[in-house]
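Working notes for the structure below.
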Amino acid sequence: MATTALKSPPTKARVLLVEDHPVVRHGLMILIDDEADLSVCGGAESIQDAVRMVRELEPAVVVIDISLADGNGLDLIKTLHDDYPGLPLLALSMHDESIYAERALRAGAKGYIMKKEAMDKVLTAIRRVLSGELYVSDKVASRMVHKLIDPKGTDAVSPLEALSNREFEVFRLIAEGVGPTEIARRLAVSVKTIETHREHIKDKLGLKSGTELTRFSLQWAMEHRGG
């Protein structure tokens with residue numbers, strides 16, 4: 001009499017979510033857990049929790065929000081990429097991809113997707129980076145190719161490229177009209193540190209005063225408003 005071997009249920013890829021907005025995190029959990037090949041193994045609200053959970057839970061992929069309550073998601077991406085070079089990281093953000101996508105990839109992310117994209121694209125992005133491929137929009141891919149082909153092109157280099165990730169985060173908050181004290185609170189550093197960042201930003205952008213920095217940042221914000 002022939003016997004039929006029982007098939008083991010397919011193993012689901014473990015997804016760690018790093019997102020400090022509970023509603024967004026809960027929505028992503030429901031979306032991912034409903035898939036046959038994916039499951040959420042944990043949800044972190046902060047950089048500190050994320051680092052601990054990666055170590056303890058050993059996820060197959062980490063989805064990271066760029067803006068976290070206790071710091072910049074780009075810093076977390078770089079830290080995890082350095083410590084776990086084989087771990088796929090997917091950047092998720094409300095910010096326009098033209099602002100952060102290339103920075104996220106340079107930090108070590110394997111993909112970048114905006115929160116406003118359809119939910120099925122989030123799942124596609126997760127599966128893409130899990131398979132070892134990159135995931136970016138056609139627009140970002142096209143810009144990167146053009147930059148590779150013509151590195152001296154007029155749109156290839158922005159003066160903001162000279163800023164470090166932390167300096168760029170400070171610049172973005174200045175552009176939103178956030179004052180030094182509040183920026184320091186959000187980034188968990190001293191006001192003196194923020195003032196030092198402001199000086200470095202002015203030097204790198206060739207600006208002579210705080211007024212020029214404010215004006216430049218507001219102009220930049222207007223050009224990027226609406227993503």
Side-chain angles (χ1 to χ4, degrees), residues 5-95 97 100-137 140-141 164-166 169 186-189:
L6 296 176
K7 293 184 178 180
S8 300
T11 302
K12 290 190 173 187
R14 295 159 57 83
V15 182
L16 175 63
L17 300 176
V18 185
E19 165 64 65
D20 62 355
H21 291 84
V23 174
V24 176
R25 190 171 63 250
H26 183 66
L28 287 170
M29 285 183 178
I30 294 175
L31 173 75
I32 293 169
D33 279 338
D34 197 41
E35 296 299 300
D37 59 333
L38 303 170
S39 68
V40 175
C41 63
E45 297 184 3
S46 67
I47 290 176
Q48 182 177 0
D49 285 344
V51 171
R52 175 181 57 81
M53 287 185 175
V54 168
R55 182 178 65 251
E56 295 176 354
L57 301 177
E58 299 183 350
V61 60
V62 186
V63 179
I64 302 172
D65 189 1
I66 292 295
S67 299
L68 297 170
D70 65 339
N72 192 330
L74 293 176
D75 294 334
L76 174 60
I77 290 172
K78 187 177 187 308
T79 295
L80 293 180
H81 178 66
D82 290 344
D83 292 345
Y84 306 91
L87 177 62
L89 309 171
L90 174 65
L92 175 73
S93 179
M94 63 179 287
H95 300 298
E97 59 191 5
Y100 277 116
E102 291 186 46
R103 284 181 177 269
L105 295 178
R106 287 199 299 268
K110 294 300 183 183
Y112 185 98
I113 187 166
M114 294 175 62
K115 290 181 179 179
K116 71 178 184 180
E117 293 286 359
M119 286 295 98
D120 62 327
K121 286 193 175 182
V122 175
L123 296 173
T124 298
I126 291 174
R127 292 186 175 104
R128 186 78 59 82
V129 299
L130 270 170
S131 70
E133 300 178 43
L134 292 176
Y135 182 92
V136 293
S137 71
V140 170
S164 69
N165 288 335
R166 179 48 62 95
E169 184 70 2
R186 292 191 190 186
L187 301 184
V189 297

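A quick note: this is a predicted structure, and the numbers were derived from the prediction, not measured. Sequence positions, counted from 1, serve as the residue numbers for this chain. Side-chain atoms are counted along with the backbone in the values below, which use heavy atoms only and exclude waters and symmetry mates.
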State, without any angle test, whether Tyr84 and Glu58 hold a side-chain donor-acceptor pair at a distance under 3.5 Å.
no
Between side-chain atoms of residues 34-41 and protein atoms elsewhere (two or more places apart, or another chain), which donor-acceptor pairs fall under 3.5 Å?
from	atom 1	to	atom 2	distance (Å)
Glu35	OE1	Arg127	NH2	2.6
Asp37	OD1	Arg127	NH2	2.9
Asp37	OD2	Arg127	NE	2.8

Would one find more than 12 heavy atoms of other residues, nucleotides or ligands at under 6.0 Å from atom NZ of Lys115?
yes
Going through the distances and angles, do Val24 and Leu17 end up as a side chain to side chain contact (heavy atoms under 4.5 Å, CB included)?
CA-CA 10 Å; Val24 176; Leu17 300 176; over 6 Å; no
Kindly indicate whether the side chain of Lys110, heavy atoms from C-beta on, has any atom under 4.5 Å from the side chain of Leu89.
no
The reported gap from CG in Leu90 to CG in Leu92 (rounded to nearest 0.5 angstrom) is 6.5 Å
List the residues meeting side chain to side chain donor-acceptor pair (under 3.5 Å) with Arg128, not counting sequence neighbours, and say none if there are none.
none
Rounded to the nearest 0.5 angstrom, the CG-OG distance for Asn72 and Ser164 is 9.5 Å
Atom CD1 of Ile64 and atom CG of Leu80: how far apart are they, to the nearest 0.5 Å?
5.0 Å
To the nearest 0.5 Å, tell me how far Leu31 CG sits from Leu123 CG.
4.0 Å
Note: Leu130 and Ala13 closest approach over all heavy atoms is CD1-CB, 3.8 Å
Just distance, no hydrogens or angles: give the donor-acceptor pairs under 3.5 Å from side chains in residues 42-53, sequence neighbours left out.
from	atom 1	to	atom 2	distance (Å)
Glu45	OE2	Arg25	NH2	3.1
Ser46	OG	Asp49	N	3.1
Ser46	OG	Asp49	OD2	3.3
Arg52	NH1	Glu56	OE1	3.1

What's the separation between atom CG in Leu68 and atom CG in Leu187, rounded to the nearest 0.5 Å?
11.0 Å
Those residues that, when tested against Asp83, pass salt bridge (Lys or Arg N to Asp or Glu O under 4.0 Å) (two or more places apart):
none
Test side chain to side chain donor-acceptor pair (under 3.5 Å) applied to Arg14 - qualifying residues, sequence neighbours left out
none
Please assess Ile126 against Ile32 for the test side chain to side chain contact (heavy atoms under 4.5 Å, CB included), listing each intermediate value before the final yes or no.
CA-CA 10 Å; Ile126 291 174; Ile32 293 169; 3.8 Å; yes
For a 4.5 angstrom cut-off between non-hydrogen side-chain atoms, does Val63 reach Leu16?
no
Would you please name every residue forming a ring-ring contact (aromatic ring centres under 6.0 Å, His included) with Tyr135, sequence neighbours left out?
none
For Ala109 versus Ile77, what's the shortest heavy-atom pair and its separation?
N-CG2, 3.5 Å
Met94 vs Tyr100, side chain to side chain contact (heavy atoms under 4.5 Å, CB included): CA-CA, chis, key distance, verdict:
CA-CA 10 Å; Met94 63 179 287; Tyr100 277 116; over 6 Å; no
Is it true that Arg103 and Asn165 share a donor-acceptor pair across their side chains at a distance under 3.5 Å?
yes
Rounded to the nearest 0.5 Å, the OG atom of Ser137 sits from the CD1 atom of Ile113 at a distance of 9.5 Å
Would you say Val18 and Asp65 make side-chain contact, with heavy atoms under 4.5 Å?
no
Hey, are the side chains of Leu105 and Val136 touching, using non-hydrogen atoms and a 4.5 Å cut-off?
yes
